[in-house]
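Computation of the quantities below employed the complete heavy-atom set of this structure, encompassing side-chain atoms and omitting hydrogens, waters and symmetry-equivalent molecules. One-based numbering, in listed order, for ligands and for the atoms of each.
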Amino acid sequence: MTVRYETRDGVAIVSLDNPPVNGLDLATRTGIVEAIDRAQKDPAVTAIVITGVGRAFSAGADIREFNTPKAVQAPTLWTMLEVIESSAKPVVAAIHSLALGGAVEMALAAHYRVAAPGAQVGLPEVKIGVLPGAGGTQRLPRAVGLEIALNMIVSGAVVKSEELAGTRLFDRILEGDLLTAAIAFARDVGTRAGPHPKVRDWKIEHPNAEGFIGFARSAVAVASRNFPAPLKCVDAIEAAVKKPFAEGLRLEHETFLALLQTPESKALRHAFFGERAAAKIPDVGPEIQPRAARSAAVIGAGTMGGGITMNFLNAGIPVTLVEAQREALDRGVETIRKNYGNTVKRGKLTPEQLEQRMGLLRPTLSYDDVRDADLVIEAVFEDYGVKESVFRKLDAVAKAGAILATNTSTLDLNRIAACTQRPQDVVGLHFFSPANVMKLLEVVRGAKTGKDVMVTVMGLSAKIGKTAVVAGVCDGFIGNRMVGQYVRQAGFLLDEGALPQQVDRASEAFGFAMGPFRMSDLAGNDISWAIRKRHYVERPEVKYSKTADLLCEQGRFGQKTGAGWYDYKPGDRTAYPSKKVEELILEHSRTLKVARRAISDEEIVGRLVYALANEGAKILEEGIAARASDIDIVYLNGYGFPLWRGGPMLYADTVGPYNVLRAIRGYAARAGTDYGYQGQAWEPASLLVRLAETGGMFNE
Ligand code: NAD
């Protein structure tokens, strides 16, 4: 039973009790309808109160029911709202805390609404690419006025009850125990002669509705580029102003159904559910208990070590920061303080909070100080020798059961684990730079990593505000392994006829935050050079365009050296197309005896994005990632992939695996005839081939 019914002093109390957040699933909707019917039949009842048990009034539609037939099985939300609104006895919604989406629409269909101070209401549907589809766009403007309603619906923001106190939304904001006060209120309105007020009958008053909507429409168009839902919200709200209620409702419903089918809404829902799915590890059940994780140590106070440390300090977890050299330690601590100082300047942190956080930091030069840490994260130089010696020391000093993590980007976690006596305690925590800002965390699971270690670090990553995705051990894990193929294609495109600025422009027009060459100039071309040099030895069969090596031989490492794929001016991050680089590229094509050709933007985008998806397919079939959505979450959170396209794997599904495979085979055939080595860049993943043949999808 997710809905309870009782009567008190002639008032029927309908309590939503569907943990964790009283989602309006089929059972709950049915329960509400039955309760309202039951109250009609009881002559002793004069009014009805709908309330929520637990920490929420109701978070609206139950996300566990999304994409299942139950979501649209009657009684639907619409039926339920009709039953409430047409009740002969007045219905009072009593909102003590969070009310979202369908729950707000339910409250708007009630005759009266009361709220506790601090209760939060919001219509967040726009965040999953749709609009409130059960009258929200029609009733909310009638209750809170055009401007507040438009802001709430277009932004999806949650608003506190007291901020809405001056509107008609709440009949009362009631202090003290809300249910008791709501019952008293209901008893009172129950004595009034009907009919009771219906929001649908109210007028929207605004001195210049037409002008305001026009202004809002232009502002929303600019802010919501690439997402259709916000503008559709404006259209629906305009209908609330201009059309009879029933017509507005119909337009809202039709728009809701149309938006549900858009690729943008699919992408947003994919990201929403993908993030939740990523937190679950298929073979690790709820019976696995986490270890204690109350204190941390970080080894290395460089770029990454400092950022990683800040994550834990922000979450109130004390950190022992270990360095090899006094100077590096002082510099690292100073950088952390400076970063917090900047946040204070921006008004996002108080000076007291700064000191509190710095107070949790214990800088040291001694490994002995790691003894008490529950979790140790190593962020020293990317070198087996250095890392192995660090792990041997940690093995000697860390307490039994401490988790030993490495932030390595490219080294073999199993090899690092093997130099300890406790490989079950070793895990990879691959943070992204800047580590205090980037949301993404790849949690690398070694061959022997304990399940309890996995549970602990997944819990911790949520605590420090990261979006964690589990990856198996391989060169580059999920994100960098895929980006390697993407960057390779970018290089071949230069050999065949494109220039960096054309590739970047096409990629940015597709929606990437930054094209591959601008990205490489920012990250430092020397970093990928070092990785390629290692690959030349370890995997000589993997070929690359030589242009990037030639660029590095000229010392053009990117922004930090004032020159890379682009030219830069001092103090200016603008990328200026470079004549020198163009000459280098043309000269290299001549050396290869490649007849340069005009390459379309479509081909550029196809080769870049399908390179990602094809490698993603290999990562899936090898079990490096558990699900296609995990890969998409990595790309959306760490690599600037456009959110409205949902990630490389969802994009491949949208295009269709058959079409992706066909395009890849076309690129491979052409490359083979153009010049020797590029044909080897395309080896279609067998999973892609299978899906193309069977009509399957990466995200079923
Ligand atoms: P960095 O050079 O900025 O910092 C490394 C620090 O480790 C230096 O301060 C050095 O003094 C210290 N150190 C070296 N040996 C030590 C030892 N034995 N004990 C204690 N401290 C020692 O390097 P970084 O960019 O912070 O990278 C650190 C690790 O993070 C590397 O494994 C790297 O691959 C990985 N990583 C880097 C990035 C990035 O974008 N920079 C991203 C993800 C992962």
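Residue Lys580 places its NZ atom among 12 or fewer non-hydrogen atoms of other residues, nucleotides or ligands, all under 6.0 Å distant. For Arg534, the CZ atom sits in a packed shell: over 12 heavy atoms of surrounding residues, nucleotides or ligands are nearer than 6.0 Å.
What sits closest to atom 8 (C) of ligand 1 on the protein, heavy atoms only, is Glu323 OE2, 3.4 Å. Of the protein's non-hydrogen atoms, Gly302 CA, 3.3 Å is the one closest to atom 4 (O) of ligand 1. Of the protein's non-hydrogen atoms, the one nearest atom 40 (O) of ligand 1 is Ser433 CB, 3.3 Å. In terms of protein heavy-atom proximity, atom 21 (N) of ligand 1 is nearest to Ala324 N, 3.4 Å. Looking at atom 27 (O) of ligand 1, its nearest protein heavy atom turns out to be Met304 CG, 3.8 Å. Atom 17 (C) of ligand 1 has as its closest protein heavy atom Tyr367 OH, 3.5 Å.
For Ser295, there are no side-chain hydrogen bond (donor to acceptor under 3.5 Å, both in side chains) partners two or more places apart in sequence or in a different chain. Taking the salt bridge (charged side-chain N to carboxylate O under 4.0 Å, His left out) definition, one finds that Asp425 meets it with Arg291, sequence neighbours left out.
Ligand-side atoms of ligand 1 in range of His430: 43 (C), 44 (C), range being under 4.0 angstrom from any heavy atom. Close approach to Thr303 involves these atoms of ligand 1, each under 4.0 Å from a residue heavy atom: 3 (O), 25 (O), 26 (O). Close approach of ligand 1 to Ile299 is summarised as follows: ligand atoms under 4.0 Å from at least one heavy atom of the residue are 19 (N), 20 (C). Atoms of ligand 1 found under 4.0 Å from any heavy atom of Val390, numbered from 1 in the order shown, are 18 (N).
Of the candidates Val380, Leu321, Val322, it is Val380 that places a heavy atom closest to atom 7 (O) of ligand 1. When the options Gly300, Ala379, Gly305 are ranked by their closest heavy atom to atom 5 (C) of ligand 1, first place goes to Ala379.
In terms of N/O distances under 3.5 Å, ligand 1 is not approached by Val386. An N or O contact shorter than 3.5 Å links Ser409 to ligand 1 by distance. Residue Thr408 has no nitrogen or oxygen atom sitting less than 3.5 Å from a nitrogen or oxygen atom of ligand 1, judged on distance alone. On a distance-only criterion, Asn407 and ligand 1 share at least one N/O pair closer than 3.5 Å. Residue Lys387 has at least one N or O atom closer than 3.5 Å to an N or O atom of ligand 1. The N/O atoms of Glu382, backbone and side chain alike, include one that comes under 3.5 Å of an N/O atom in ligand 1.
Using a 4.5 Å heavy-atom threshold, the side chains of Val444 and Leu429 count as separate. The side-chain heavy atoms of Tyr667 and Gln489, taken from C-beta on, include no pair separated by under 4.5 Å.
In this structure, Phe381 has a heavy atom closer than 4.0 Å to ligand 1.
Atom CH2 of Trp682 and atom CZ of Arg488 lie 9.5 Å apart (nearest 0.5 Å).
Aromatic ring centroids of Phe512 and Tyr635 lie 6.0 Å or more apart. Phe391 has its ring centre no less than 6.0 Å from the ring centre of Tyr384. Aromatic ring centres of Tyr544 and Phe492: separated by at least 6.0 Å. For His270 and Phe272, the distance between ring centers is not under 6.0 angstrom.
Checked against Thr410 for a side-chain hydrogen bond (donor to acceptor under 3.5 Å, both in side chains), the options Arg481, His535, Glu382, His430 give a single hit: Glu382.
In Phe431, the part holding a heavy atom less than 4.0 Å from any atom of ligand 1 is the backbone.
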